[in-house]
Amino acid sequence: IGDPIHISLGGLQAGQTGSLLASGTNLFGNLWSSQASFNADEAGIIDAFRDTPVENSYQGKEPAALFRSMTYQQAAEMISPFPIMTSISA
């Protein structure tokens, strides 16, 4: 669904572990996040599309898993985007 996303990180030492964190807050104030850690290749690059995570919040290798596997921490109080209705008449 949607356009492919290619995420990579460079500037690491060969074999160094680098972590990626995806996070965002929705309209209800809930924080959604996921993470994955990868070992850098010989050039010091990790590539979320190519590499298999060494630690992650999801199972297996999948290019969109960092987003698909996001879980949320519920805000202290659920906030509705809809106005409160006190009565409905027809």
Side-chain angles (χ1 to χ4, degrees):
I1 299 174
D3 296 326
I5 297 175
H6 191 149
I7 301 170
S8 62
L9 174 66
L12 302 170
Q13 298 295 319
Q16 182 180 355
T17 301
S19 297
L20 299 173
L21 171 69
S23 66
T25 304
N26 67 9
L27 294 175
F28 296 109
N30 299 316
L31 174 65
W32 289 78
S33 64
S34 67
Q35 68 84 28
S37 297
F38 302 84
N39 289 331
D41 65 12
E42 304 81 30
I45 297 171
I46 59 174
D47 184 327
F49 186 82
R50 174 196 68 199
D51 301 333
T52 301
V54 293
E55 182 181 332
N56 54 359
S57 59
Y58 54 89
Q59 297 296 316
K61 177 181 164 185
E62 180 188 331
L66 198 59
F67 301 101
R68 181 196 51 74
S69 68
M70 293 177 102
T71 58
Y72 74 93
Q73 296 175 0
Q74 186 171 338
E77 182 178 337
M78 190 62 112
I79 303 167
S80 174
F82 305 105
I84 296 173
M85 302 175 94
T86 56
S87 66
I88 299 175
S89 51

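Below, all heavy atoms of this structure are taken into account, side chains as well, without hydrogens, waters or symmetry copies. All values derive from a computational prediction rather than experimental measurement. We number each residue from 1, following the sequence as shown.
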**Student:** Could you pull out all donor-acceptor pairs under 3.5 Å where a side-chain atom in residues 37-45 meets a protein atom, sequence neighbours excluded?
**Tutor:**
from : atom 1 : to  : atom 2 : distance (Å)
S37  : OG     : S19 : OG     : 2.7
N39  : OD1    : T17 : OG1    : 2.8
D41  : OD1    : A43 : N      : 2.9
D41  : OD1    : G44 : N      : 3.1
D41  : OD1    : I45 : N      : 2.9
D41  : OD2    : R50 : NH1    : 3.3
D41  : OD2    : R50 : NH2    : 3.0

**Student:** Are L9 and I5 connected in the hydrophobic side-chain network, where two residues link if heavy atoms are under 4.5 Å apart?
**Tutor:** yes
**Student:** Indicate the atoms forming the closest heavy-atom contact of L12 with G18, along with that distance.
**Tutor:** CD1-CA, 4.2 Å
**Student:** Testing the basics here: between L66 and A22, what is the closest heavy-atom pair and its distance to 0.1 Å?
**Tutor:**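 Here L66 and A22 meet closest at CG-CB, 3.9 Å.
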**Student:** Between OG of S23 and CD of Q35, what distance do you get to the nearest 0.5 Å?
**Tutor:**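 Those atoms lie 12.0 Å apart.
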**Student:** Would you compute the distance between atom CG of L20 and atom CG of D47 and round it to the nearest 0.5 angstrom?
**Tutor:** 9.5 Å
**Student:** Could you state the interatomic distance from OG1 (T25) to CD (Q73), rounded to the nearest 0.5 Å?
**Tutor:** 10.0 Å
**Student:** Should Q16 and I46 be marked as a side chain to side chain contact (heavy atoms under 4.5 Å, CB included) after you check the CA-CA gap, both sets of side-chain angles, and the distance that decides it?
**Tutor:** CA-CA 9 Å; Q16 182 180 355; I46 59 174; over 6 Å; no
